[in-house]
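Notes to accompany the following structure.
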Amino acid sequence: MLTKRDKLKTQNTLYNVKGIRLTNILYYENLPQLSFGFISDKKSNTYYDIKLVDESGNEIGQLVTSGTIDFYNKTLEKLYLNLHSKLEKHQVYKVLILNKQGKFAGGMEFRYT
């Protein structure tokens, strides 16, 4: 049963592409899962790969899209990251946004406290 939302502290955000953003990330320890949104400009042929990595750069979850909402010229994708295991306290994690060529387009660093 979910009784409280565990705290994630954003360390840093960086976007190299205009028009993309991540929403706040939610984590419930009882569900090894992160929940967040990805906002991007509504353009055809736009593709971004989103990954969660630990301090060593290892991918630690599988991304699932639960739906999208279009508003004006933006799209909000509702995303879940099913984690391979629970987050470890005080470790820095990164959500990476990569373009079609696999190059860094943006991301967020956070710490589980």
Side-chain angles (χ1 to χ4, degrees):
M1 175 169 199
L2 300 177
T3 56
K4 69 178 181 87
R5 184 178 69 214
D6 293 300
K7 291 182 76 174
L8 298 178
K9 182 177 179 183
T10 301
Q11 302 287 111
N12 187 21
T13 57
L14 176 66
Y15 300 99
N16 291 346
V17 174
K18 186 178 178 183
I20 62 172
R21 291 286 177 268
L22 293 170
T23 65
N24 289 340
I25 300 172
L26 301 176
Y27 174 59
Y28 293 92
E29 188 175 26
N30 294 337
L31 287 175
Q33 169 180 300
L34 295 176
S35 173
F36 58 96
F38 175 63
I39 300 170
S40 63
D41 289 335
K42 196 161 51 169
K43 296 178 183 175
S44 61
N45 297 326
T46 303
Y47 169 82
Y48 294 101
D49 188 19
I50 299 174
K51 298 180 179 190
L52 177 68
V53 297
D54 62 15
E55 291 177 328
S56 301
N58 298 318
E59 205 170 332
I60 60 167
Q62 180 179 2
L63 187 70
V64 176
T65 302
S66 71
T68 60
I69 300 171
D70 291 333
F71 55 98
Y72 299 104
N73 62 344
K74 301 280 185 189
T75 297
L76 169 66
E77 291 183 63
K78 297 184 272 183
L79 305 173
Y80 297 94
L81 253 164
N82 293 319
L83 303 171
H84 301 314
S85 62
K86 292 182 179 181
L87 296 181
E88 293 187 32
K89 293 203 182 237
H90 310 293
Q91 182 169 328
V92 175
Y93 296 93
K94 294 178 186 178
V95 177
L96 301 176
I97 305 167
L98 308 172
N99 65 16
K100 285 182 188 177
Q101 293 78 32
K103 297 194 184 211
F104 181 82
M108 178 184 293
E109 289 183 5
F110 65 90
R111 180 183 304 268
Y112 174 43
T113 58

Inset, instruction - Report yes or no: does Gln33 contribute a side-chain atom to a donor-acceptor pair with the main-chain N or O of Leu81 at less than 3.5 Å? - result: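 Judged by distance alone, no pair lies under 3.5 Å.
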
Heavy-atom check, side chain of [X] versus side chain of [Y], under 4.5 Å:
X     : Y      : result
Leu87 : Ile60  : yes
Thr23 : Leu76  : yes
Ile50 : Val95  : yes
Ile25 : Phe110 : yes
Thr65 : Lys78  : no
Lys51 : Leu98  : yes

Inset, instruction - Applying ring-ring contact (aromatic ring centres under 6.0 Å, His included), name anything that partners Tyr48, two or more places apart in sequence or on another chain. - result: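 Tyr48 satisfies ring-ring contact (aromatic ring centres under 6.0 Å, His included) with Phe38 only.
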
Considering non-hydrogen atoms only, spot the tightest contact between [X] and [Y] and give its length.
X      : Y     : result
Phe104 : Asn16 : CD2-ND2, 3.3 Å
Leu83  : Tyr27 : CD1-CE1, 3.7 Å
Gln101 : Asn99 : N-OD1, 2.9 Å

How long is the gap from [atom1] on [X] to [atom2] on [Y], to the nearest 0.5 Å?
X      : Y     : atom1 : atom2 : answer
Ser66  : Leu79 : OG    : CG    : 7.0 Å
Gln62  : Asn82 : CD    : CG    : 6.5 Å
Tyr112 : Gln91 : OH    : CD    : 12.5 Å
Ile97  : Ile20 : CD1   : CD1   : 4.0 Å

Legend entry - Result of checking Leu52, Leu22, Leu14 against Met108 for side-chain contact (heavy atoms from CB on, under 4.5 Å):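 Of all the options given, the one that passes is Leu22.
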
Legend entry - Six-ring centre of Tyr93, Arg111 cation under 6.0 angstrom, axis tolerance 45°: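 Geometry flag: not set, cation outside 6.0 Å or 45°.
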
Legend entry - Cation-pi check, Lys100 onto Tyr47 ring (under 6.0 Å, within 45° of axis):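 No.
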
Legend entry - With sequence neighbours excluded, residues passing side-chain hydrogen bond (donor to acceptor under 3.5 Å, both in side chains) with Thr75: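 For Thr75, the residues satisfying side-chain hydrogen bond (donor to acceptor under 3.5 Å, both in side chains) (neighbours in sequence not counted) are Asp70.
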
Inset, instruction - Output all residues satisfying side-chain hydrogen bond (donor to acceptor under 3.5 Å, both in side chains) with Asp41, sequence neighbours left out; order by chain, then residue number. - result: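 By the side-chain hydrogen bond (donor to acceptor under 3.5 Å, both in side chains) rule, Asp41 matches Lys74.
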
Inset, instruction - Applying salt bridge (charged side-chain N to carboxylate O under 4.0 Å, His left out), name anything that partners Lys94, two or more places apart in sequence or on another chain. - result: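 Once residues adjacent in sequence are excluded, the partners of Lys94 under the salt bridge (charged side-chain N to carboxylate O under 4.0 Å, His left out) criterion are Glu109.
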
Inset, instruction - Write out all pairs satisfying ring pair (Phe, Tyr, Trp, His ring centres under 6.0 Å) with one or both partners inside residues 60-86, taking only residues at least two apart or from two chains. - result: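 Passing the test, one end in residues 60-86: no pairs.
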
Inset, instruction - With sequence neighbours left out, write down each residue that passes side chain to side chain contact (heavy atoms under 4.5 Å, CB included) with Ser85, or none if nothing qualifies. - result: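 Not a single residue meets the side chain to side chain contact (heavy atoms under 4.5 Å, CB included) criterion with Ser85.
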
Inset, instruction - Check the pair Arg21 / Tyr15 against side-chain contact (heavy atoms from CB on, under 4.5 Å), numbers first and verdict last. - result: CA-CA 7 Å; Arg21 291 286 177 268; Tyr15 300 99; 2.9 Å; yes

